[in-house]
There are 2 protein chains.
Amino acid sequence: MNDPTPSAGRGEPTRDALIRAAIEIFGRDGFDAASTRAISDAADVNQALIGYHFGGKPGLYLAALRFIAASVSARLGPLVDSIEEQIAKDGQARTGKKVAERSLAALQGLLEAFVGMLASDESAAWARLILREQQNPSDGFDVLYEGFMHRILGVASELVARAQNRGASAADCKLTAFTIIGQAVVFRAARACVMREMQWSELGASELADIRAQLRRNIAAIVQAEPSR
Amino acid sequence: MNDPTPSAGRGEPTRDALIRAAIEIFGRDGFDAASTRAISDAADVNQALIGYHFGGKPGLYLAALRFIAASVSARLGPLVDSIEEQIAKDGQARTGKKVAERSLAALQGLLEAFVGMLASDESAAWARLILREQQNPSDGFDVLYEGFMHRILGVASELVARAQNRGASAADCKLTAFTIIGQAVVFRAARACVMREMQWSELGASELADIRAQLRRNIAAIVQAEPSR
DNA sequence: GTCTATAGTCGGATAGAC
DNA sequence: GTCTATCCGACTATAGAC
(Lines give C-alpha, C1' and ligand atoms only; values in the text may rest on other atoms or scores of the structure.)
Protein backbone atom coordinates (compact mmCIF):
# COMPACT_ATOMS: atom_id res chain seq x y z
CA MET A 1 0.00 0.00 0.00
CA ASN A 2 2.96 2.29 0.34
CA ASP A 3 4.85 1.98 -2.89
CA PRO A 4 8.19 3.70 -2.40
CA THR A 5 8.26 7.12 -4.02
CA PRO A 6 4.77 7.24 -5.52
CA SER A 7 6.21 9.76 -7.99
CA ALA A 8 5.16 13.39 -8.33
CA GLY A 9 1.93 14.57 -6.81
CA ARG A 10 0.79 16.55 -3.86
CA GLY A 11 3.35 14.99 -1.57
CA GLU A 12 6.40 16.05 -3.52
CA PRO A 13 7.47 18.91 -1.24
CA THR A 14 7.27 16.48 1.65
CA ARG A 15 9.51 13.93 -0.05
CA ASP A 16 11.96 16.63 -1.01
CA ALA A 17 12.15 18.05 2.50
CA LEU A 18 12.63 14.56 3.93
CA ILE A 19 15.46 13.76 1.51
CA ARG A 20 17.29 16.99 2.24
CA ALA A 21 16.95 16.49 5.97
CA ALA A 22 17.97 12.84 5.62
CA ILE A 23 21.25 13.77 3.91
CA GLU A 24 22.02 16.14 6.74
CA ILE A 25 21.13 13.80 9.60
CA PHE A 26 22.40 10.56 8.06
CA GLY A 27 25.63 12.38 7.19
CA ARG A 28 26.02 13.66 10.72
CA ASP A 29 25.02 10.54 12.64
CA GLY A 30 25.28 7.58 10.30
CA PHE A 31 22.46 5.27 9.30
CA ASP A 32 21.82 3.54 12.62
CA ALA A 33 22.37 6.47 14.92
CA ALA A 34 20.18 8.78 12.90
CA SER A 35 16.61 8.58 14.12
CA THR A 36 13.63 8.94 11.85
CA ARG A 37 12.22 11.33 14.40
CA ALA A 38 15.24 13.62 14.11
CA ILE A 39 14.91 13.57 10.33
CA SER A 40 11.18 14.25 10.30
CA ASP A 41 11.63 17.04 12.84
CA ALA A 42 14.35 18.66 10.72
CA ALA A 43 12.16 18.34 7.65
CA ASP A 44 9.20 19.66 9.63
CA VAL A 45 6.95 16.84 8.58
CA ASN A 46 5.24 14.04 10.43
CA GLN A 47 7.35 11.04 11.37
CA ALA A 48 4.85 8.55 9.97
CA LEU A 49 5.26 10.03 6.49
CA ILE A 50 8.67 8.42 6.14
CA GLY A 51 6.95 5.06 6.12
CA TYR A 52 4.32 6.28 3.69
CA HIS A 53 6.67 7.84 1.15
CA PHE A 54 9.76 5.66 1.35
CA GLY A 55 8.53 2.45 2.94
CA GLY A 56 10.80 3.00 5.92
CA LYS A 57 14.20 4.19 7.05
CA PRO A 58 16.23 2.14 4.55
CA GLY A 59 14.14 3.41 1.66
CA LEU A 60 14.72 6.99 2.70
CA TYR A 61 18.45 6.31 2.93
CA LEU A 62 18.57 4.98 -0.62
CA ALA A 63 16.58 7.97 -1.85
CA ALA A 64 19.12 10.24 -0.18
CA LEU A 65 22.02 8.48 -1.93
CA ARG A 66 20.24 8.79 -5.30
CA PHE A 67 19.78 12.49 -4.63
CA ILE A 68 23.48 12.86 -3.89
CA ALA A 69 24.48 11.03 -7.06
CA ALA A 70 22.21 13.32 -9.06
CA SER A 71 23.65 16.41 -7.34
CA VAL A 72 27.25 15.43 -8.00
CA SER A 73 26.39 14.64 -11.60
CA ALA A 74 24.73 18.02 -11.95
CA ARG A 75 27.81 19.72 -10.57
CA LEU A 76 30.58 17.86 -12.39
CA GLY A 77 28.65 16.37 -15.30
CA PRO A 78 28.98 19.28 -17.75
CA LEU A 79 32.74 19.44 -17.25
CA VAL A 80 33.08 15.69 -17.66
CA ASP A 81 30.94 15.91 -20.80
CA SER A 82 33.25 18.47 -22.34
CA ILE A 83 36.31 16.42 -21.45
CA GLU A 84 34.79 13.34 -23.01
CA GLU A 85 34.11 15.33 -26.14
CA GLN A 86 37.71 16.46 -26.26
CA ILE A 87 38.89 12.88 -25.80
CA ALA A 88 36.61 11.72 -28.60
CA LYS A 89 37.86 14.49 -30.87
CA ASP A 90 41.48 13.61 -30.20
CA GLY A 91 40.38 10.06 -30.90
CA GLN A 92 42.97 7.36 -30.98
CA ALA A 93 45.72 9.93 -31.34
CA ARG A 94 46.77 9.24 -27.81
CA THR A 95 50.26 10.51 -28.35
CA GLY A 96 51.62 13.86 -29.41
CA LYS A 97 52.67 16.91 -27.51
CA LYS A 98 49.49 18.85 -28.15
CA VAL A 99 47.26 16.03 -26.94
CA ALA A 100 49.39 15.60 -23.85
CA GLU A 101 49.19 19.30 -23.05
CA ARG A 102 45.43 19.42 -23.50
CA SER A 103 44.99 16.31 -21.40
CA LEU A 104 47.12 17.65 -18.57
CA ALA A 105 45.15 20.89 -18.56
CA ALA A 106 41.87 18.96 -18.54
CA LEU A 107 43.06 16.78 -15.68
CA GLN A 108 44.06 19.83 -13.69
CA GLY A 109 40.69 21.42 -14.41
CA LEU A 110 38.83 18.31 -13.35
CA LEU A 111 40.64 18.16 -10.04
CA GLU A 112 40.18 21.84 -9.36
CA ALA A 113 36.45 21.37 -9.84
CA PHE A 114 36.53 18.23 -7.73
CA VAL A 115 38.36 19.78 -4.80
CA GLY A 116 36.11 22.80 -5.05
CA MET A 117 33.17 20.51 -4.56
CA LEU A 118 34.84 18.76 -1.64
CA ALA A 119 35.58 22.09 -0.01
CA SER A 120 32.07 23.53 -0.33
CA ASP A 121 29.79 23.61 2.68
CA GLU A 122 26.99 22.42 0.47
CA SER A 123 28.74 19.12 -0.12
CA ALA A 124 29.89 18.57 3.45
CA ALA A 125 26.94 16.32 4.26
CA TRP A 126 27.23 14.41 0.99
CA ALA A 127 30.88 13.81 1.56
CA ARG A 128 30.33 12.44 5.02
CA LEU A 129 27.73 10.01 3.72
CA ILE A 130 29.97 8.93 0.84
CA LEU A 131 32.94 8.36 3.14
CA ARG A 132 30.74 6.27 5.39
CA GLU A 133 29.62 4.17 2.46
CA GLN A 134 33.22 3.62 1.43
CA GLN A 135 34.19 2.42 4.85
CA ASN A 136 31.18 0.23 5.25
CA PRO A 137 29.51 -0.35 1.90
CA SER A 138 25.78 -1.05 2.03
CA ASP A 139 23.41 -1.86 -0.81
CA GLY A 140 23.48 1.83 -1.55
CA PHE A 141 27.12 1.91 -2.60
CA ASP A 142 26.15 0.85 -6.11
CA VAL A 143 24.06 3.97 -6.46
CA LEU A 144 27.14 6.09 -5.82
CA TYR A 145 29.62 4.02 -7.81
CA GLU A 146 27.44 3.69 -10.90
CA GLY A 147 26.01 7.16 -10.36
CA PHE A 148 29.21 9.14 -10.74
CA MET A 149 32.36 7.53 -9.33
CA HIS A 150 32.94 5.13 -12.19
CA ARG A 151 32.50 7.80 -14.82
CA ILE A 152 34.79 10.34 -13.18
CA LEU A 153 37.48 7.74 -12.56
CA GLY A 154 37.21 6.67 -16.19
CA VAL A 155 37.92 10.10 -17.62
CA ALA A 156 40.62 10.78 -15.04
CA SER A 157 42.47 7.57 -15.96
CA GLU A 158 42.16 8.27 -19.67
CA LEU A 159 43.51 11.78 -19.17
CA VAL A 160 46.44 10.38 -17.21
CA ALA A 161 47.19 7.99 -20.05
CA ARG A 162 47.12 10.78 -22.64
CA ALA A 163 48.96 13.34 -20.53
CA GLN A 164 51.75 10.97 -19.61
CA ASN A 165 52.44 10.22 -23.21
CA ARG A 166 54.23 6.99 -22.46
CA GLY A 167 53.21 3.39 -22.54
CA ALA A 168 51.74 2.91 -19.10
CA SER A 169 49.21 0.11 -18.66
CA ALA A 170 45.57 0.92 -18.04
CA ALA A 171 45.90 -0.38 -14.49
CA ASP A 172 48.87 1.91 -13.89
CA CYS A 173 46.91 4.87 -15.17
CA LYS A 174 44.02 4.03 -12.87
CA LEU A 175 46.39 3.80 -9.93
CA THR A 176 47.91 7.14 -10.87
CA ALA A 177 44.42 8.60 -11.12
CA PHE A 178 43.63 7.38 -7.63
CA THR A 179 46.76 8.93 -6.14
CA ILE A 180 45.91 12.20 -7.86
CA ILE A 181 42.31 12.14 -6.68
CA GLY A 182 43.55 11.21 -3.22
CA GLN A 183 45.35 14.52 -3.04
CA ALA A 184 41.98 16.23 -3.22
CA VAL A 185 40.07 13.71 -1.13
CA VAL A 186 42.41 14.15 1.82
CA PHE A 187 41.11 17.66 2.33
CA ARG A 188 37.70 16.22 3.10
CA ALA A 189 38.61 12.86 4.61
CA ALA A 190 41.18 14.37 6.98
CA ARG A 191 39.64 17.80 7.22
CA ALA A 192 39.87 18.08 11.01
CA CYS A 193 43.55 17.23 10.89
CA VAL A 194 44.22 19.65 8.03
CA MET A 195 42.48 22.56 9.75
CA ARG A 196 44.39 21.97 12.95
CA GLU A 197 47.81 21.43 11.42
CA MET A 198 47.49 24.31 8.95
CA GLN A 199 46.03 26.46 11.71
CA TRP A 200 43.13 27.37 9.47
CA SER A 201 39.89 28.57 11.00
CA GLU A 202 37.96 28.02 7.79
CA LEU A 203 38.50 26.52 4.38
CA GLY A 204 37.57 29.59 2.35
CA ALA A 205 38.52 31.04 -1.01
CA SER A 206 42.08 31.83 -0.01
CA GLU A 207 42.83 28.36 1.37
CA LEU A 208 41.13 26.73 -1.61
CA ALA A 209 43.32 28.74 -3.97
CA ASP A 210 46.44 27.48 -2.19
CA ILE A 211 45.21 23.91 -2.41
CA ARG A 212 44.40 24.26 -6.09
CA ALA A 213 47.83 25.68 -6.88
CA GLN A 214 49.40 22.77 -5.04
CA LEU A 215 47.27 20.27 -6.95
CA ARG A 216 48.09 21.85 -10.32
CA ARG A 217 51.79 21.68 -9.55
CA ASN A 218 51.68 18.10 -8.28
CA ILE A 219 49.62 16.79 -11.17
CA ALA A 220 51.96 18.31 -13.71
CA ALA A 221 54.97 16.90 -11.88
CA ILE A 222 53.52 13.39 -11.62
CA VAL A 223 52.39 13.23 -15.20
CA GLN A 224 55.52 14.73 -16.73
CA ALA A 225 58.05 12.84 -14.63
CA GLU A 226 60.46 10.52 -16.37
CA PRO A 227 59.33 6.89 -16.24
CA SER A 228 62.71 6.01 -14.73
CA ARG A 229 63.05 6.12 -11.01
CA MET B 1 33.18 3.83 43.24
CA ASN B 2 34.13 3.02 39.71
CA ASP B 3 37.19 5.07 38.97
CA PRO B 4 37.82 4.78 35.25
CA THR B 5 40.63 2.36 34.54
CA PRO B 6 41.54 1.30 38.09
CA SER B 7 44.93 0.37 36.66
CA ALA B 8 46.42 -3.08 36.56
CA GLY B 9 45.00 -5.84 38.69
CA ARG B 10 42.87 -8.90 38.28
CA GLY B 11 40.56 -7.16 35.85
CA GLU B 12 43.17 -6.33 33.27
CA PRO B 13 42.34 -9.10 30.79
CA THR B 14 38.74 -7.92 30.94
CA ARG B 15 39.66 -4.33 30.17
CA ASP B 16 41.92 -5.42 27.36
CA ALA B 17 39.28 -7.62 25.78
CA LEU B 18 36.73 -4.83 26.04
CA ILE B 19 39.05 -2.32 24.39
CA ARG B 20 39.88 -4.64 21.52
CA ALA B 21 36.22 -5.44 20.96
CA ALA B 22 35.32 -1.76 21.27
CA ILE B 23 37.71 -0.80 18.47
CA GLU B 24 36.11 -3.40 16.24
CA ILE B 25 32.49 -2.54 17.01
CA PHE B 26 32.87 1.24 17.28
CA GLY B 27 34.80 1.16 14.02
CA ARG B 28 32.13 -0.86 12.28
CA ASP B 29 29.04 0.91 13.65
CA GLY B 30 30.11 4.29 14.97
CA PHE B 31 29.75 5.51 18.53
CA ASP B 32 25.98 5.79 18.74
CA ALA B 33 25.07 2.76 16.70
CA ALA B 34 27.48 0.51 18.53
CA SER B 35 25.77 -1.08 21.51
CA THR B 36 27.54 -1.90 24.72
CA ARG B 37 25.91 -5.32 24.48
CA ALA B 38 27.50 -6.02 21.12
CA ILE B 39 30.87 -4.97 22.53
CA SER B 40 30.59 -7.01 25.72
CA ASP B 41 29.39 -10.02 23.73
CA ALA B 42 32.33 -9.73 21.33
CA ALA B 43 34.70 -9.42 24.27
CA ASP B 44 32.96 -12.31 25.99
CA VAL B 45 32.52 -10.42 29.23
CA ASN B 46 29.51 -9.19 31.11
CA GLN B 47 27.85 -6.03 29.88
CA ALA B 48 27.80 -4.42 33.31
CA LEU B 49 31.60 -4.53 33.45
CA ILE B 50 31.82 -1.68 30.97
CA GLY B 51 30.32 0.58 33.59
CA TYR B 52 32.60 -0.77 36.25
CA HIS B 53 35.87 -0.47 34.33
CA PHE B 54 35.31 2.57 32.14
CA GLY B 55 32.45 4.40 33.82
CA GLY B 56 30.25 3.92 30.77
CA LYS B 57 30.21 3.86 27.01
CA PRO B 58 32.01 7.22 26.47
CA GLY B 59 34.83 6.15 28.79
CA LEU B 60 35.31 2.95 26.85
CA TYR B 61 35.37 4.91 23.60
CA LEU B 62 38.13 7.19 24.87
CA ALA B 63 40.10 4.20 26.09
CA ALA B 64 39.81 2.69 22.62
CA LEU B 65 41.17 5.84 21.00
CA ARG B 66 44.09 5.89 23.43
CA PHE B 67 44.82 2.29 22.56
CA ILE B 68 44.82 3.15 18.85
CA ALA B 69 47.18 6.07 19.36
CA ALA B 70 49.53 3.80 21.26
CA SER B 71 49.34 1.13 18.56
CA VAL B 72 50.11 3.54 15.74
CA SER B 73 52.98 4.98 17.74
CA ALA B 74 54.33 1.49 18.33
CA ARG B 75 54.15 0.75 14.62
CA LEU B 76 55.54 3.97 13.15
CA GLY B 77 57.34 5.41 16.15
CA PRO B 78 60.72 3.73 15.64
CA LEU B 79 60.89 4.84 12.01
CA VAL B 80 59.89 8.37 12.95
CA ASP B 81 62.54 8.31 15.69
CA SER B 82 65.26 7.40 13.22
CA ILE B 83 64.11 10.07 10.78
CA GLU B 84 64.16 12.69 13.52
CA GLU B 85 67.68 11.62 14.39
CA GLN B 86 68.75 12.02 10.80
CA ILE B 87 67.14 15.45 10.66
CA ALA B 88 68.93 16.46 13.85
CA LYS B 89 72.24 15.19 12.49
CA ASP B 90 71.83 17.13 9.27
CA GLY B 91 70.98 20.05 11.52
CA GLN B 92 70.42 23.41 9.98
CA ALA B 93 72.11 22.28 6.79
CA ARG B 94 68.77 22.22 5.09
CA THR B 95 70.25 22.58 1.64
CA GLY B 96 72.68 20.49 -0.30
CA LYS B 97 72.23 17.63 -2.70
CA LYS B 98 73.08 14.93 -0.19
CA VAL B 99 70.59 16.19 2.36
CA ALA B 100 67.90 16.42 -0.31
CA GLU B 101 68.54 12.86 -1.44
CA ARG B 102 68.47 11.49 2.09
CA SER B 103 65.31 13.41 2.86
CA LEU B 104 63.53 12.20 -0.26
CA ALA B 105 64.44 8.62 0.57
CA ALA B 106 63.22 9.07 4.14
CA LEU B 107 59.95 10.56 2.94
CA GLN B 108 59.43 7.67 0.57
CA GLY B 109 60.19 5.23 3.36
CA LEU B 110 57.79 6.95 5.72
CA LEU B 111 54.97 6.76 3.22
CA GLU B 112 55.66 3.17 2.36
CA ALA B 113 55.37 2.31 6.03
CA PHE B 114 52.28 4.47 6.33
CA VAL B 115 50.45 2.92 3.41
CA GLY B 116 51.48 -0.51 4.62
CA MET B 117 49.74 0.25 7.88
CA LEU B 118 46.65 1.54 6.09
CA ALA B 119 46.53 -1.58 3.96
CA SER B 120 46.84 -4.06 6.83
CA ASP B 121 43.78 -5.89 8.09
CA GLU B 122 44.96 -5.21 11.60
CA SER B 123 44.52 -1.49 11.13
CA ALA B 124 41.21 -1.65 9.28
CA ALA B 125 39.20 -1.04 12.43
CA TRP B 126 41.54 1.73 13.65
CA ALA B 127 41.31 3.47 10.32
CA ARG B 128 37.54 3.43 10.31
CA LEU B 129 37.44 4.97 13.75
CA ILE B 130 39.98 7.61 12.82
CA LEU B 131 38.11 8.54 9.67
CA ARG B 132 34.93 8.87 11.70
CA GLU B 133 36.66 11.18 14.15
CA GLN B 134 37.92 13.32 11.29
CA GLN B 135 34.46 13.70 9.84
CA ASN B 136 32.85 14.39 13.16
CA PRO B 137 35.46 15.25 15.76
CA SER B 138 34.52 14.43 19.34
CA ASP B 139 36.45 15.10 22.53
CA GLY B 140 38.54 12.10 21.56
CA PHE B 141 40.05 13.71 18.49
CA ASP B 142 42.73 15.34 20.64
CA VAL B 143 43.90 11.91 21.71
CA LEU B 144 44.58 11.04 18.08
CA TYR B 145 45.99 14.36 16.98
CA GLU B 146 48.35 14.76 19.89
CA GLY B 147 48.99 11.03 20.02
CA PHE B 148 50.55 10.60 16.58
CA MET B 149 49.11 12.78 13.81
CA HIS B 150 50.91 15.95 14.77
CA ARG B 151 54.25 14.24 15.07
CA ILE B 152 54.03 12.37 11.76
CA LEU B 153 52.89 15.48 9.92
CA GLY B 154 55.75 17.40 11.47
CA VAL B 155 58.48 15.09 10.18
CA ALA B 156 56.76 14.72 6.81
CA SER B 157 56.67 18.50 6.33
CA GLU B 158 60.27 18.87 7.41
CA LEU B 159 61.34 16.16 4.97
CA VAL B 160 59.46 17.90 2.18
CA ALA B 161 61.26 21.13 2.99
CA ARG B 162 64.67 19.43 2.92
CA ALA B 163 63.97 17.25 -0.11
CA GLN B 164 62.66 20.11 -2.20
CA ASN B 165 65.76 22.10 -1.63
CA ARG B 166 64.14 25.39 -2.49
CA GLY B 167 62.70 28.20 -0.46
CA ALA B 168 59.16 27.01 0.10
CA SER B 169 57.33 28.40 3.13
CA ALA B 170 56.53 26.11 6.07
CA ALA B 171 52.84 26.33 5.18
CA ASP B 172 53.57 25.26 1.61
CA CYS B 173 55.58 22.31 2.86
CA LYS B 174 52.74 21.26 5.13
CA LEU B 175 50.32 21.48 2.24
CA THR B 176 52.65 19.40 0.10
CA ALA B 177 52.92 16.88 2.93
CA PHE B 178 49.14 16.60 3.08
CA THR B 179 48.82 15.98 -0.64
CA ILE B 180 51.49 13.30 -0.39
CA ILE B 181 49.86 11.66 2.60
CA GLY B 182 46.53 11.91 0.81
CA GLN B 183 47.88 9.63 -1.88
CA ALA B 184 48.19 6.92 0.75
CA VAL B 185 45.05 7.78 2.68
CA VAL B 186 42.87 7.39 -0.39
CA PHE B 187 43.53 3.67 -0.39
CA ARG B 188 41.79 3.43 2.95
CA ALA B 189 39.27 6.27 2.72
CA ALA B 190 38.03 5.20 -0.73
CA ARG B 191 38.90 1.53 -0.41
CA ALA B 192 35.56 0.25 -1.71
CA CYS B 193 35.88 2.41 -4.80
CA VAL B 194 39.51 1.38 -5.36
CA MET B 195 38.77 -2.33 -5.11
CA ARG B 196 35.90 -2.05 -7.54
CA GLU B 197 37.60 0.15 -10.09
CA MET B 198 40.89 -1.74 -10.00
CA GLN B 199 38.95 -5.02 -10.03
CA TRP B 200 40.94 -6.22 -7.07
CA SER B 201 39.51 -8.94 -4.88
CA GLU B 202 41.95 -8.22 -2.08
CA LEU B 203 44.60 -5.69 -1.20
CA GLY B 204 47.48 -8.11 -0.72
CA ALA B 205 51.22 -8.03 -1.12
CA SER B 206 51.15 -7.70 -4.88
CA GLU B 207 48.69 -4.80 -4.91
CA LEU B 208 50.54 -3.11 -2.07
CA ALA B 209 53.78 -3.34 -4.04
CA ASP B 210 52.14 -1.59 -7.00
CA ILE B 211 50.81 1.14 -4.75
CA ARG B 212 54.20 1.65 -3.12
CA ALA B 213 55.95 1.92 -6.46
CA GLN B 214 53.41 4.50 -7.54
CA LEU B 215 53.90 6.48 -4.33
CA ARG B 216 57.69 6.40 -4.65
CA ARG B 217 57.48 7.72 -8.19
CA ASN B 218 54.94 10.43 -7.35
CA ILE B 219 56.81 11.67 -4.29
CA ALA B 220 60.04 11.97 -6.20
CA ALA B 221 58.27 13.80 -9.03
CA ILE B 222 56.52 16.25 -6.72
CA VAL B 223 59.58 17.03 -4.67
CA GLN B 224 61.98 17.35 -7.57
CA ALA B 225 59.73 19.34 -9.88
CA GLU B 226 60.81 22.81 -10.89
CA PRO B 227 59.15 25.54 -8.83
CA SER B 228 57.92 27.08 -12.07
CA ARG B 229 54.68 25.91 -13.48
C1' DG C 1 35.50 -8.23 40.06
C1' DT C 2 31.84 -10.41 38.24
C1' DC C 3 27.27 -11.60 37.82
C1' DT C 4 21.70 -11.21 37.26
C1' DA C 5 17.90 -8.46 36.96
C1' DT C 6 15.56 -4.47 35.93
C1' DA C 7 14.36 0.46 35.71
C1' DG C 8 13.82 4.01 32.46
C1' DT C 9 14.31 5.74 27.84
C1' DC C 10 14.00 5.87 22.98
C1' DG C 11 13.76 3.85 18.47
C1' DG C 12 11.02 2.14 14.02
C1' DA C 13 6.88 0.71 12.40
C1' DT C 14 1.93 0.80 11.79
C1' DA C 15 -3.23 1.08 12.60
C1' DG C 16 -6.78 3.97 11.84
C1' DA C 17 -9.19 8.68 11.95
C1' DC C 18 -9.54 12.57 8.94
C1' DG D 1 -1.53 12.68 2.12
C1' DT D 2 -1.29 13.74 6.66
C1' DC D 3 -2.05 13.15 11.34
C1' DT D 4 -2.31 10.91 16.40
C1' DA D 5 -1.54 7.15 19.19
C1' DT D 6 0.64 3.12 20.35
C1' DC D 7 3.01 -1.45 20.18
C1' DC D 8 7.16 -3.67 20.85
C1' DG D 9 11.87 -4.25 20.82
C1' DA D 10 16.59 -2.57 22.07
C1' DC D 11 19.33 0.33 24.46
C1' DT D 12 22.29 2.36 28.75
C1' DA D 13 22.90 2.44 33.29
C1' DT D 14 22.63 0.69 37.90
C1' DA D 15 21.20 -1.82 42.13
C1' DG D 16 22.46 -5.54 44.67
C1' DA D 17 23.76 -10.62 45.37
C1' DC D 18 27.92 -13.33 45.31
Side-chain angles (χ1 to χ4, degrees), chain A residues 1-65 129 132 136 138-140, chain B residues 1-65 132 138-140:
Chain A
M1 281 326 106
N2 52 6
D3 234 20
T5 316
S7 194
R10 252 180 40 254
E12 221 201 316
T14 300
R15 277 198 301 281
D16 202 62
L18 278 173
I19 287 176
R20 288 176 193 282
I23 290 172
E24 206 64 40
I25 309 286
F26 280 134
R28 195 189 60 199
D29 299 341
F31 180 81
D32 294 285
S35 74
T36 55
R37 284 176 164 86
I39 293 170
S40 59
D41 283 357
D44 214 40
V45 305
N46 191 279
Q47 185 253 348
L49 290 176
I50 290 175
Y52 178 75
H53 285 291
F54 302 98
K57 194 180 177 181
L60 175 56
Y61 182 70
L62 274 185
L65 292 188
L129 261 180
R132 282 178 196 283
N136 231 327
S138 73
D139 292 346
Chain B
M1 281 323 105
N2 51 6
D3 235 19
T5 315
S7 196
R10 256 189 23 262
E12 220 200 318
T14 301
R15 277 197 301 281
D16 204 60
L18 278 173
I19 288 176
R20 289 175 193 281
I23 291 171
E24 206 65 41
I25 309 286
F26 280 134
R28 196 189 59 198
D29 299 341
F31 180 81
D32 294 283
S35 75
T36 54
R37 284 173 210 284
I39 294 170
S40 59
D41 284 356
D44 213 40
V45 305
N46 191 278
Q47 184 254 349
L49 290 175
I50 291 175
Y52 177 76
H53 285 290
F54 301 98
K57 193 180 176 181
L60 175 55
Y61 182 71
L62 273 184
L65 292 187
R132 281 178 196 283
S138 74
D139 292 347

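These numbers were taken from a predicted model, which means no experiment stands behind them. Residue numbering restarts at 1 for every chain, and letters A, B, ... go by the order of the sequence lines.
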Would you please classify the geometry between the A:Tyr61 ring and the A:Phe26 ring as parallel, tilted or perpendicular, with 30° and 60° separating the classes? perpendicular
Would you please confirm or rule out a distance under 4.0 Å between OP1 or OP2 of D:dG1 and any side-chain N or O of A:Asn46? no
Given C:dT14, C:dA13, D:dA15, which nucleotide is nearest the side-chain atoms of A:Ala48? C:dT14
Consider side chain to side chain contact (heavy atoms under 4.5 Å, CB included). Of B:Ile19, B:Thr36, B:Leu62, B:Leu49, which one does B:Phe54 pass it with? B:Ile19
Between D:dT4 (P) and A:Asp41 (CG): distance, integer Å: 12 Å
Bend angle of the helix from C:dG1-D:dC18 to C:dC18-D:dG1, from helix axes over five pairs at each end, nearest 10°: 0°
Rounded interatomic separation in angstrom, taking CD1 from A:Ile39 and P from C:dG11: 11 Å
Any donor-acceptor pair under 3.5 Å from B:Lys57 side chain to B:Ser35 backbone: no
Under a 4.0 Å heavy-atom cut-off, which of residues 23-38 of chain B touch DNA chain D? B:Ala34, B:Ser35, B:Thr36, B:Arg37
Between B:His53 (NE2) and C:dG1 (P), how many Å, whole number? 7 Å
Taking every non-hydrogen atom, the tightest pair across A:Arg132 and A:Asp29: NH2-C, 3.9 Å
Closest contact, heavy atoms only, B:Asp32 versus A:Ala33: CB-CB, 3.2 Å
Between A:Asp16 and A:Arg20, does at least one N-O distance fall below 4.0 Å, as a salt bridge requires? yes
Tell me the interatomic distance from A:Tyr52, atom OH, to D:dT2, atom C1', rounded to whole angstroms. 9 Å
To the nearest angstrom, the CG-C1' distance between A:Asp44 and D:dC3 comes to 14 Å
CZ (A:Arg15) and CD1 (A:Ile50) are apart, to the nearest 0.5 Å, by 13.5 Å
Distance check needed: C:dG1 P versus B:Ile50 CD1, whole Å only. 16 Å
In whole angstrom, give the distance that lies between atom CG of A:Leu49 and atom P of D:dT2. 5 Å
Considering non-hydrogen atoms only, spot the tightest contact between A:Ile25 and A:Ala34 and give its length. CG2-CB, 3.8 Å
Correct closest heavy-atom pair for B:Ala17 and B:Ala43 would be O-CB, 3.4 Å
Of the listed nucleotides (D:dG1, C:dT2, C:dG12), which one gets closest to any side-chain atom of A:Gln47? C:dG12
How long is the line joining CZ of A:Phe54 and P of D:dG1, in whole Å? 12 Å
